[in-house]
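To start, the structure under review is shown below, and the notes come after it.
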Amino acid sequence: MTTAIQNVESYLESFTEFEKSSSGSNLPWLRRLQEDAFARFCQTGFPTTRDEDWRFTNVSAIARTAFSLAEKGKGRVSDSDLKPWRVEDAAAQLVFVDGQFRGDLSALGTLPASVSILSLKEAIAKNPSALEAHLGRHLDIQRDAFSALNTAFIEDGVFVHVARGATLDQPIHLLFVSTTAGSPRMVHPRNLLIFEKETQATVIEEYISLGGGTVFCNSATELIAGDNAHVSHYMIEREDKDAFNISTLRVQLGRSTNVASHSLLLGGGLVRNNVHPVLAGEGAECLINGLFVGNGKQHLDNYMHVEHASPHCASRQFYNGILDGHAHGVFHGRIVVHKDAQKTDAKQTNRNLLLSDDAQIDTKPQLEIYADDVKCTHGATIGQIEENALFYLRSRGIDEVSARRCLLMAFAGECLDRMKPGAARDHSERLIHEHLLTIANQLPAATPSKGKAPRNWEEVG
Amino acid sequence: MSLLEIKNLHVNVAGHEILKGIDLTINAGEVHSIMGPNGSGKSTLAQVLARREAYQVTDGQILFDGKDLLEMKPEVAACEGVFLAFQYPVEIPGIGNTYFLRSALNAIRKYRGLEEMDAMDFLPMFREKLKLLEMDDKLINRSVNEGFSGGEKKRNEILQMAILEPKLAVLDETDSGLDIDALRIVASGVNSLRSKDRAMLVVTHYQRLLNYIVPDFVHVLVDGRIVRSGGPELALELEDKGYGWIEAEAKAPASV
Amino acid sequence: MSSSVDTFRELAQQDYKWGFVTDIDADRLPKGLSEETVRVISAKKQEPEFMLEWRLKAYRHWAKLEKEQAEPKWANVKFPPINYQDIIYYSAPKQKPNLKSLDELDPEILRTYEKLGIPLQEQKMLAGVAVDAVFDSVSVATTFKAKLAEKGVIFCSFSEAVQKHPELVKKYLGSVVPHTDNFFAALNAAVFTDGSFVYVPKGVRCPMELSTYFRINAAETGQFERTLIVADEGAYVSYLEGCTAPIRDENQLHAAVVELVALDNAQIKYSTVQNWYPGDKNGKGGIYNFVTKRGNCKGVNSKISWTQVETGSAITWKYPSCILQGDNSVGEFYSVALTNNYQQADTGTKMIHLGKNTSSTIVSKGISAGHGQNTYRGQVKIQKGATGARNYTQCDSLLIGDKCGAHTFPYIEVKNSTARMEHEASTSKIGEDQLFYLQQRGLKAEDAVSMIVNGFCKQVFRELPMEFAVEAQKLLSVSLEGSVG
């Protein structure tokens, strides 16, 4: 593969400097993990559109920019800045500014003894043995250059451990804030979430900007769910339109687990949302739910890689996209059913609304089935706001903007309906409402349909 | 006479001996639990009781209500009153839940010489039982298990049990995949079906379910044999210590 | 071997019970095909000049194709080369011309229809279905003619239509499937001997279901019938077709053409239960069913709906299609295709959207058992002017056993950005565990099997008229053969 690192020196420089200062330096296993990952990254470089996994997303803008690691303690954020971004009723709130944990802005509340939440940096310093079995053991750094890059720069993020049988009713809220950047800056948040057997919990990962600038946020999360655990994970992207955001969620599902991954892509410029669950235990169930709403020149790419590795597992992918302006959405749904994963039941649906002639969606199902007794279905739709429905609402006295928002909300509502009731869902609902109101307001009064057909129709279906 | 008598049961699956001599007697009104590590043969026992034919009985005897269970086809065993709540309930697309359950109920009623139940009588009863399991009315029109989540499927199994009113209910890992709320609902559904005429065999890996459905007897199955029997306290002991010690004990020479 | 599987086998291994031969005197041409054959057929049918001209044009086109490439090769089916000179192109039961009533029909033929379960007499009385019966390409009896005539509905054999309504035939024949359309359509146009003709006048709702039963009887005979149905403005008609053939070791060719025309606000519902002889358990014999069926939703708000249950034939090659020309027109395709033993099916549909706000629905259910190979091939084409077009496609395959195959080839071509497309596909296996689950709840194995298969086909069966739906269900349970799980 052609190497596309134009700025390999800048990464090498960053890495050398990082290694000197990093807390991993006195843990041989972590150091080795990081060095291997960096070597792998140097080997592959950034992917190009010739790479099938990246066919619809061009990351050359990231590859040709010289990013440097954020300087420590520089980001100025006050408690009042964060007020509008907090989630009410969270069990714990952890705030990370430019990649670093800020205890002064966080609220850990009173957690039961069976739940421990601390920054990854602290966990590495105080209790590295608790991490060793899982950190970096699940993420695929061979296939994915961004995961390799993140692993090379492991430093901070969150470490959550929920002990057997514990139930957490309120969500854990992780807020990743990027502040104004003078020069291009990168951060590599790394999270490790371990849920032991028979636990129940919800985690929200949320990315926001306070002040603009060229920021490259490359996060990775490893989530391990023990037997019979019920876990919901939310990824919410609300950064500025000039941000680059690559996030990877790797989920390991044990026997009879039930894990839901909800993604809401509302902000960001170039966004890639990787979700990679591995249904490793018999009878595991995984819901992969998402909504992406783009306008302007946003590029929102969702890459799903669902691996069925055990019998009797079920996975459900539902992604809805709303695209306006020149926005470009991508849904790539890869399902791999391993040889022994008999009785797999995998379903995938991607529905899209195009609100302008220049908006574009590429949707691509990819089914690789090596077992012979499975049920796999996939479906994709691309459509516009239904003019009849709009007219009907208006004929009942609802103004056009409200009517449009109403229809958009109904479309987005499918995604909300799949979230369990609770604080995390309420939070998502509020964000979606606000965002769709903006979109509805921006819509032209009438959209006579003309112009070119969306690209890649052959990919549909 | 006991409701179920299993004597020296040996079972092969695909050429491997899974059950290596099981003896178990269950009387009407009793709730027994079979616990054991993965692969110990728990599910095999459940499937054999429901007469799954892929499981080959090589030796032993099972008497159900005094009749030879091993002579029965699956549907005959069902009609005689054996009900299996499946670990992985099967989806049957295109067949409505109501139609399916009414057909099943009527097959059983016919077998017992009772009059078939028409839709007018069936629906109110069905609705009543749905409430018991806190299940949605919409279920009436949906296909059997199709599009159900793992938890809904498990509830649906107990719903069927409530309607078919078996003499012996075998619950195979009914707790797996359930969250705490669903577990409580399922357990209370099961508990409401406990009666002096009905026996239950609860097969489970974890003790969690037995907090809610408290058994009269607990048996530990290791490597195809029942290695220990006791009261509910045995389950708690297993929860504390895990299966390791009992497995080690089972492997130790008989002379010890 | 488990008993449920045994029962299933038993149930499945019922023989093809429509495989008898009727002993009747037939008037037939010698084998072979030439311009002369075409002229003789046309002369025997006392056709007007325009028909002969049209047939000859078709023959010449076919002969050219035959020389260049023979049959089309893109379908996912395999068969040895067909010798077109080794087929009899005309075989008619000898009978008195112009029957006044069914009583004058050869009693042997009548008995055949009774064996087929089409007691014409009885049906006339009870079912209220008008039946046209085509025996080796020649229409032998049409019931209910008088009653239909009251409403102005023409339902007769194609030959009769050519004689009595040449203006309608001339206007619509070949208007949907031109003689140049494809190899088999050209062959059919050249040599077709009979078929059914329906015309429903403006504003008339045809008072009963119309039905045709096709039967191939004579050996070494090809059947080339042609059906033309025209629903004039605001008209409605529901048409059913059924087919059977005797058991013979040789493969027999059936190359039919069906054309439907729906004018403004008209609706045509066309249902098929196809049960041609499928060949024996080792794949010997059976009908090659190479059929071209197409409807044109010519007028605004028109609707054409195809429903098919395909259980017979050694090879099926068939794509009932809709051209959605009129604005707001609707095309539908519901299909169950079953392949067992060594049967092959390559079937599906084409929905061509030309008019505004046109919509189409495709529901295809493929069942493969034994060594059966089942292919769904469907095209949805949204042309530039077809603003607001919609399509919903659902394509499910059920596998029984592990030697069969299911294949799906959807082709989607969209030239208008306002289109809304939905596509769903699934492949699943009928399993021992489904059977066991139902048995555990008290149901007998055979009931369990038919429950599962009928559940799978439900969306299609409910599109069939009642009596057909019942027949289709029975047909499925006896057509299945092979192991379960």
Side-chain angles (χ1 to χ4, degrees), chain A residues 162 164-169 195-202 225-232 253-260 279-289 310-316 318 341-347 349 373-377 379 417-422, chain B residues 14 35-39 42-43 47 54 85-94 136 138 143-155 157 171-187 203-212 236 238-243:
Chain A
V162 180
R164 180 166 182 189
T167 300
L168 212 51
D169 292 329
F195 303 93
E196 300 283 358
K197 286 171 189 169
E198 295 165 2
T199 50
Q200 264 171 254
T202 300
D227 297 3
N228 264 318
H230 283 242
V231 180
S232 298
L253 291 97
R255 203 179 148 94
S256 301
T257 46
N258 185 313
V259 175
L279 295 97
E282 206 175 295
E285 277 186 291
C286 191
L287 167 69
I288 304 113
N289 179 34
S310 257
H312 289 287
C313 293
S315 66
R316 294 283 176 270
F318 298 102
Q342 301 294 4
K343 307 285 177 197
T344 285
D345 179 358
K347 188 171 179 175
T349 306
D373 187 6
V374 303
K375 200 168 119 189
C376 288
T377 69
D417 288 345
R418 289 188 276 267
M419 299 172 179
K420 273 190 197 155
Chain B
M35 296 185 72
N38 292 330
K42 303 185 302 281
S43 279
Q47 301 272 334
F86 284 61
Q87 182 181 5
Y88 299 112
V90 181
E91 296 185 11
I92 320 273
D136 202 311
K138 274 183 256 167
S143 291
V144 181
N145 291 326
E146 197 188 30
F148 288 28
S149 70
E152 283 174 319
K153 283 181 187 171
K154 294 299 175 77
R155 277 198 235 180
E157 292 294 286
L171 277 57
D172 190 4
E173 305 261 356
T174 295
D175 57 326
S176 69
L178 294 180
D179 64 19
I180 291 294
D181 294 332
L183 184 65
R184 281 193 197 110
I185 295 166
V186 162
V203 173
T204 181
H205 180 80
Y206 296 114
Q207 179 267 345
R208 186 174 69 145
L209 177 67
L210 305 183
N211 288 336
Y212 299 94
L236 291 168
L238 282 169
E239 176 71 7
D240 276 353
K241 299 189 189 167
Y243 287 109

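Sequence lines set the chain letters: A, B, ... in the order given, protein chains first and strands last, and positions in each chain run from 1. Just so it is clear, the model here is predicted, and its values are computed rather than measured.
Rounding to the nearest 0.5 angstrom, the gap separating the CG atom in A:L287 from the OG atom in B:S149 is 10.5 Å. Once rounded to the nearest 0.5 Å, the distance linking CG of A:D227 with CG of B:N38 reads 7.5 Å. Between the CD atom of B:E91 and the NZ atom of A:K375 there is a distance of 4.0 Å, given to the nearest 0.5 Å. For the atom pair CG of B:D181 and NZ of A:K420, the computed distance is 8.5 Å after rounding to the nearest 0.5 Å. The CD atom of B:E239 lies 4.5 Å from the CZ atom of A:R164; values are rounded to the nearest 0.5 Å. Distance check, rounded to the nearest 0.5 Å: OG of A:S256 to CD of B:E173 gives 7.0 Å.
In this structure, the side chain of A:Q200 engages the main chain of B:I180 through a donor-acceptor pair within 3.5 Å.
With a 4.5 Å cut-off on non-hydrogen atoms, A:K197 touches chain B through its side chain but not through its backbone. If you measure heavy-atom distances from B:L183 to chain A, you find no contacts under 4.5 Å at all. Contacts between A:T257 and chain B at a heavy-atom distance below 4.5 Å are absent for every atom of the residue.
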For this session: Quick one: do B:Y88 and A:K343 satisfy side chain to side chain contact (heavy atoms under 4.5 Å, CB included)? Show the steps, please.
Result: CA-CA 10 Å; B:Y88 299 112; A:K343 307 285 177 197; over 6 Å; no
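B:D175 and A:N228 get closest at one heavy-atom pair: O-OD1, 3.9 Å.
Highest contact tally toward chain B, considering only A:E285, A:H312, A:R255, is held by A:H312 [criterion: heavy-atom pairs under 4.5 Å].
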